[in-house]
Amino acid sequence: SKNTENKRQFQVSDNEYKEMDLLICYWFDYNSYFIIPKSELEQNKTTKRLNIKKNKNGNFGTNEKYLNNWENLKNMLF
């Protein structure tokens with residue numbers, strides 16, 4: 001719908017959150033990966049989530065720092 005065009009929400013359950021170190025999201029429409037450290041997810045009692053919106057300039061605002069940021073994964077592994 002027009003209301004959700006250019007917007008996506010990625011979320012994990014509380015149990016998934018406990019077991020993860022980072023979240024890798026793929027936005028198929030834009031062929032874009034977002035690599036987000038666990039500590040950066042918005043939290044409430046039952047779910048942890050990341051809201052991403054592509055703005056009129058074609059970037060992802062505050063989430064641009066996670067876009068194809070494979071350094072987050074490499075830093076965790078090495």
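Just the heavy atoms: all of them, side chains too, but no hydrogens, waters or symmetry mates, feed the values below. For this chain, numbers begin at 1 and follow the sequence in order.
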request  = Take the angle between the ring planes of Phe60 and Phe34 and call it parallel below 30°, perpendicular above 60°, tilted in between.
outcome  = perpendicular
inquiry  = As an exercise, state the distance from CD of Glu64 to CG of Asn55, rounded to the nearest 0.5 Å.
reply    = 8.0 Å
task = Answer whether the closest heavy-atom distance between the side chains of Ile52 and Leu50 falls below 4.5 Å.
result = yes
task = Check whether any side-chain N or O of Ser39 sits under 3.5 Å from a backbone N or O of Pro37 as a donor-acceptor pair, and report yes or no.
result = no
message = Under the criterion side-chain contact (heavy atoms from CB on, under 4.5 Å), I'd like the reasoning laid out for Leu22 against Ile36: C-alpha separation, chi angles, the key distance, then a yes or no.
response = CA-CA 6 Å; Leu22 55 83; Ile36 305 99; over 6 Å; no
request  = State whether the side chain of Asn57 and the backbone N or O of Asn59 hold a donor-acceptor pair below 3.5 Å, judged by distance alone.
outcome  = no
message = Checking Asn31 against Tyr26 for the side-chain hydrogen bond (donor to acceptor under 3.5 Å, both in side chains) test, could you report, in this order, the C-alpha distance in whole Å, the side-chain angles of both residues, the deciding distance, and whether it holds?
response = CA-CA 7 Å; Asn31 191 30; Tyr26 180 63; 2.7 Å; yes
Side chain to side chain, Lys7 and Gln9, heavy atoms closer than 4.5 Å = no
key: Whether Asn63 side chain and Asn51 backbone form a donor-acceptor pair below 3.5 Å   = yes
query = Taking C-beta and beyond as the side chain, do Ile24 and Phe10 meet within less than 4.5 Å on heavy atoms?
reply = no
query = Where do Glu40 and Tyr66 come nearest, in terms of heavy atoms and distance?
reply = OE1-OH, 2.8 Å
query = Does Asp29 pair with Arg8 as a salt bridge, N-O distance under 4.0 Å?
reply = yes
Distance-only criterion, 3.5 Å: show the donor-acceptor pairs between side-chain atoms of residues 70-78 and protein atoms not counting sequence neighbours.
from	atom 1	to	atom 2	distance (Å)
Glu71	OE2	Lys74	NZ	3.0
Asn72	ND2	Ile35	O	2.8
Asn75	ND2	Glu71	O	3.1

